[in-house]
Amino acid sequence: MDAFLHQVLAGLATGGIYASLALALVMIYQATHLVNFAQGEMAMFATYFAWSLINAGMPYWPAFLLTVVFAFVLGVVIERVIIRPVENSPVLVIVVVFIALLVILNSVTGWVFSYTIKTFPSPFPAEPIFGQYITSHGGGAIGVTLVVLLLLYAFFRFTPLGLAMRAAAQNPESARLVGIRVGWMLALGWGLAAAIGSVAGMMVAPIVFLDPNMMGGVLLYAFAAALVGGIDNPGGAVFGGFLVGVLENVLGAFVIGNELKLAVALVLIIGVLVVKPSGIFGKVMVTRV
Amino acid sequence: MAAILEVSNLHAAYGPTRVLHGIEFAMEDGTITTLLGANGAGKTTTLRALCGMVKTQGEVKFAGERIDGKATEDIVRKGIAHVPDGRGTFVNLTTEENLRLGAYTRRGRDAVESDLERVYGYFPRLQERREQQAGTLSGGEQQMLAVSRALMLRPKLMLLDEPSFGLAPLIVRELFEILRTVNAKEKVSMLVVEQNAAMALDLADHAYLIETGRVVLSGTADQIKSNDAVQRSYLGY
Amino acid sequence: MSRRQIILVAALVLAAGAIPFLVSDYRTFQFTLTLVYAIALLGLNLLTGYNGQISLGHGAFYAIGAYTAAILMDQYGMPYWATLPFAALVCLVAGFLFGLPALRLEGLYLALATFALGVSLPALLKYHHLEKWTGGVQGIVINKPDPPFGLPINPDQWLYLFTLAVAVLMFVLAWNLLRGRIGRAMIAIRDQHIAAEAMGINTAMVKSLAFGVSAMYTGVAGALGAIAIQYVAPDSFNIFVSIVFLVGIVIGGLASISGAIYGALFIQFVPNIADEISRAAPWAIFGVFLLVFVYLMPMGVAGAVRMALARLARKAQNRSQST
């Protein structure tokens, strides 16, 4: 029982990280109906930025905040410069652009920082502060995730800009008719997604260590989380994130073994897509002919 | 009186299909003008062209300033509110969120709050439904919401595309009554596109008749109403 | 194909056959891999270019083909040439089966599902219950085949010629498939999904079939690749293999048979040159080329070549008319 509880809590900790990245995916999906394959690499890139700051002597939390800002700007710039020109292109073209982005970020990071694995600090103490069942980093990561979610919720629910972003995502034409600059809202969405992703990156790096390929698996779990919850539903994505985290850990520890953990993500992704593409909380997808 | 809108030699096309062939008209500040015409004559396209929602050639002046070729959101910010056909409701947002979006470009919290009360005064039914998802409103309520959302902009000019479409006669009468009040009390100019010519001519001061992308007849509402051809083709005498 | 084109292709094949006798063994090995990639790219192009189904996980079928060949040779002592039909069959079935659920997935979602397959495959290959066959993390080492019939050539030259023969066969088959009924149906589904269905094309069948055939091509390439490299291991089949294939068809030219060859030359030789700058350089170049091609040359090298030839022909015609 103890072992089980331990795994569930560990699952919640990584689940929070998946939830953050899933949320980033959902934000871009809601606005553009696209799944950003480069979301993980953007997060990884931002995490290297944080590592450089910390390595240069900056204390953790200022570096954390500066990284979030950096990621935000990175997201906005990528949208305006790279995504904007292909906005209305066929899916294949857009997927290729995402993959190009993934490859470029991955290789530039490898080039600049080398492919050797680096340790990344956790802001939380080494001794357990949340009881015996969960590491302090795990507990802290859950806390950070919840704070991010709360901030996002408040932003979208209570600020005019958040409302405008929701409006632009839902009905771009009407949004223009009330004077919303829809293009900038998309860029802002990319910025926010990248910022959330950077938090996920900084939270996962102490666990998996920092290397240019560290987000591959995380991205897959985040895909699974977003799909399970409903890819157009932010709340669902968060729920999906925690669920996938727990499933991965519990199944990995007691049923299928750690080697096949990633298969959980694969099965979930294909299973959800085939059986119920709208996920648990999503709306049914309708394509226009 | 000064012209709020002057349109000269306006052309528009959807891809290779040309829809407007040199529309010319003008409207005076504070008046209601209606564009009449059959299905496909180019009425909706004219409104969309004024708002920069289709590619155009020609000249559009709003309060003396060229606005043709500008982006929709910039035209809106100058004080033109477009109530599109299909109403353009943000269906997943609440009624009140829809209204607040109408005031998105405005600064000044208090003024926006008092404007909310103002439009609720015109349409008490919306106040009852303020927390309801706008997609669940009836067609009539959504049309009221669209008009209200436009009013939240504090526009100088409102473009209304088929406000009576799909509504019960009683509701249409109520809606047009309120439009008349808004025009009289707030001096908002209105350009109304309608298929229901009789209703539109009752509401409007001036009218233009559009056929296949050109203005073929213009005059005061009364003149147009008494025109033989209009009576035969559009008023069903 | 006109007579002139047949002569041209025959000349190209002959020229290709001469390569191993003109360059070093190492270069020959590189050209062997180029042919392997060309087959794999042709496979992906059948699916993505001609049928409009996006796959970001074709590295998985490449791996399955490679492992099929390696296991058959390692465990059952099968000769290398006999493993190819098995690799083809296994991948045809695997692709067809994967294509069945994929039927329900359009564009982006198929990309997602295949991406997931590509990312998670190395982990599956390491699964310890399969270790008996797959060799786990260590992988499988296989022997380089000797030239048969006492031919007076070295193993590298022989392997190149063998691969060339298989490649020619695969290209001819693909060319035949594409100009026939099934090929037209594939293209119709890509361009007008609903209309194709309305015309009575069994879209489900054609799409699964396209998936199966595409996987089969890539699997055969995987088997040949394993034989050429003499080694398979899980981590050499990560998601970047799938991405390399995508790079290949985009650069070479979507929906083009010759594009597979241009793409293969690109993905084989550009990293070779770029590697000297940095380990990351090939990938940076791939990424930048992807963007450049998508923005500026969406028809790929094959499209550019076609346009250049057309222009030349026009010029020649003008000249002959003016004189």
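Sequence lines set the chain letters: A, B, ... in the order given, protein chains first and strands last, and positions in each chain run from 1. None of these values were measured; they are calculated from a predicted model.
With a 4.5 Å cut-off on non-hydrogen atoms, C:Val288 touches chain A through its backbone and its side chain both. The part of C:Phe240 that comes within reach of chain A is its side chain, from C-beta onward, which places non-hydrogen atoms under 4.5 angstrom from that chain.
Aromatic rings from C:Tyr62 and C:His58 are positioned such that their centres are separated by 6.0 Å or more. Note: C:Phe96 and C:Phe211 fail the aromatic proximity criterion, with ring centroids not under 6.0 Å apart. Taking the six-membered ring for Trp, C:Phe266 and C:Phe289 have ring centres closer than 6.0 Å.
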Could you tabulate the donor-acceptor pairs under 3.5 Å formed by side-chain atoms of residues 218-227 of chain A, not counting sequence neighbours?
| residue | atom | partner | partner atom | Å |
| --- | --- | --- | --- | --- |
| A:Tyr221 | OH | A:Glu248 | OE2 | 3.4 |
| A:Tyr221 | OH | A:Lys261 | O | 3.3 |
| A:Tyr221 | OH | A:Leu262 | N | 3.4 |

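Residue with the most contacts toward chain A among C:Val247, C:Asn238, C:Val294: C:Val294 (heavy-atom pairs, distance under 4.5 Å). Interface check for chain C: of the options A:Ile270, A:Ile269, A:Val93, A:Val96, the most heavy-atom pairs under 4.5 Å are formed by A:Val96. Contact count versus chain C (heavy atoms, under 4.5 Å) is highest, among A:Val108, A:Leu101, A:Ile82, for A:Ile82. By number of non-hydrogen pairs under 4.5 angstrom with chain A, the leading residue of C:Val250, C:Ile239, C:Leu56 is C:Leu56.
Side chains of A:Pro212 and A:Trp111 form no contact here, defined as non-hydrogen atoms less than 4.5 Å apart. In this structure, the side chains of A:Leu186 and A:Glu87 come closer than 4.5 Å at one or more pairs of heavy atoms.
In this structure, the separation between CG on A:Asn106 and CD1 on A:Ile99 is 11.0 Å, given to the nearest 0.5 Å.
Within a 6.0 Å sphere centred on CE of C:Met299, heavy atoms belonging to other residues, nucleotides or ligands number 12 at most.
Checking A:Asp232 against A:Gln30 by side-chain atom types alone, no donor-acceptor pair falls below 3.5 Å.
Along residues 110-124 of chain C, the residues that come nearer than 4.5 angstrom to chain A, judged on non-hydrogen atoms, are C:Ala111, C:Leu112, C:Ala113, C:Phe115, C:Ala116, C:Leu117, C:Val119, C:Ser120, C:Ala123, C:Leu124 in order of number.
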